[in-house]
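Notes follow once the structure below has been shown.
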Amino acid sequence: MDAGGGAGEQLSLSAVRDQLIREEDSIVFALIERAKRPRNAPAYSAACGGGSLAEFFVREAEAVYAKAGHYQKPEDVPFFPQDLPPPLFPTKGYPKVLHPSASRVCVNDAIWKMYFDELLPLFTANGDDGNYAETVALDFACLQALSRRIHCGKYVAEVKFKDSPQDYSPPIHAKDNNALMNLLTFKAVEEKVKQRVEKKARIFGQNVTLEEDSVNKQDGNACDSECKVDPKVLSKLYDLWVMPLTKDVEVEYLLQRLD
Ligand SMILES: C=C(O[C@@H]1C=C(C(=O)O)C=C[C@H]1O)C(=O)O
């Protein structure tokens, strides 16, 4: 988390929301990239070692990322945290703006299941072109972008708590998940998020050519079928999974906020 997270700076809700808006770009682009390849189902079925190529790739890639110094920040959460190697290079510390329990908050198992079971079939074409190694590298990029956005919910929760501890403390003490969920939910903001990601998919996913008549058709559904990822998939992704999981992160974080 960069915005508002500098040393001595106070986190603000608008700075954190700006960061979430920036993460949308990464998610939309990662999905557009993955959509270049068809489903490629063999990349996900168990191979000789027991696990799939996708699982193998993510495990190994995370080990390299960890050696390079990744996974130090609360929003960078590995899918396979067991036995990750330590950084081999000096890492710059990040400002500790969250409660220490933030490191225990992780919804990556739910993200993994959602991505492979629900999301992939929605935005990849049926088929198998044999490019499995490239495919799982693209999956890794999608998983990382989704996980990062969703775990930024820790910062959202911290800011909301700091802004009104008198509202959040009673349900935290009472371990009242539903009351916390209601307090931290802003339906009007969620509607805007859904509309914006759909629009981003429409704009980022169009074919850009130099002929006059094929540009600027972003408004309206006329060009949706030509988009690299169906813009409606993005609003559905956010509606059904990204925002609910972000809110799960917020609730989990808040429940431990006063420990
Ligand atoms: C992240 C926030 O908390 C909730 C989750 C949202 C999201 O995931 O985009 C949006 C609004 C809130 O219901 C927020 O308030 O910005």
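One-based numbering, in listed order, for ligands and for the atoms of each.
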Subject >> Minimum heavy-atom distance N40-N131, with the two atoms named >> reply: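 The answer is ND2-O, 3.8 Å.
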Original post:
Out of R202, Q206, K200, which residue meets the side chain to side chain contact (heavy atoms under 4.5 Å, CB included) rule with F204?
Top reply: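 For F204, the side chain to side chain contact (heavy atoms under 4.5 Å, CB included) check succeeds only for K200.
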What residue and atom, counting heavy atoms only, is the protein's closest point to [atom], and at what distance?
atom: atom 16 (O) of ligand 1; value: R17 NE, 2.6 Å
atom: atom 1 (C) of ligand 1; value: E250 OE2, 3.5 Å
atom: atom 9 (O) of ligand 1; value: R149 NH2, 2.8 Å
atom: atom 13 (O) of ligand 1; value: E190 OE2, 2.5 Å

**OP:** Establish, yes or no, whether the cationic atom of R34 lies under 6.0 Å from the six-membered ring centre of F140 and within 45° of the ring axis.
**Re:**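 Pair R34/F140 does not count as cation-pi.
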Original post:
Quick one: is the NZ or CZ of K96 closer than 6.0 Å to the six-membered ring centre of Y94, and within 45° of its axis?
Top reply: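 Here K96 passes the 6.0 Å and 45° test against Y94.
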Under a 4.0 angstrom heavy-atom cut-off, which atoms of ligand 1 come close to [X]?
X: F186; value: 11 (C), 12 (C), 13 (O), 15 (O)
X: L184; value: 3 (O), 4 (C), 12 (C), 13 (O)
X: T246; value: 8 (O)
X: L20; value: 1 (C)
X: T185; value: 13 (O)

Original post:
Can you list the residues that meet the ring-ring contact (aromatic ring centres under 6.0 Å, His included) rule with F123, with sequence neighbours excluded?
Top reply: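 Expected list: none.
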Original post:
So which of K192, K160, K194, R196 gets nearest to atom 3 (O) of ligand 1, if we judge by its closest heavy atom?
Top reply: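 The option holding the nearest heavy atom is K160.
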**OP:** Establish, yes or no, whether a centroid distance under 6.0 Å links the rings of F80 and F56.
**Re:**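 Not under 6.0 Å, so no.
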**OP:** With heavy atoms only and a cut-off of under 4.0 Å, state how V242 meets ligand 1: side chain, backbone, both or neither.
**Re:**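 Neither; no heavy atom under 4.0 Å.
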Original post:
Quick one: does ligand 1 sit under 4.0 Å from the side chain of K187, the backbone, both or neither, non-hydrogen atoms only?
Top reply: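 The answer is neither; K187 stays 4.0 Å or more away.
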Original post:
What distance separates K199 NZ from I203 CD1, expressed to the nearest 0.5 Å?
Top reply: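 The distance works out to 5.0 Å.
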**OP:** Look at E33 together with K36 and state whether they make a salt bridge at an N to O cut-off of under 4.0 Å.
**Re:**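 Judged by the 4.0 Å cut-off on N to carboxylate O distance, E33 and K36 do form a salt bridge.
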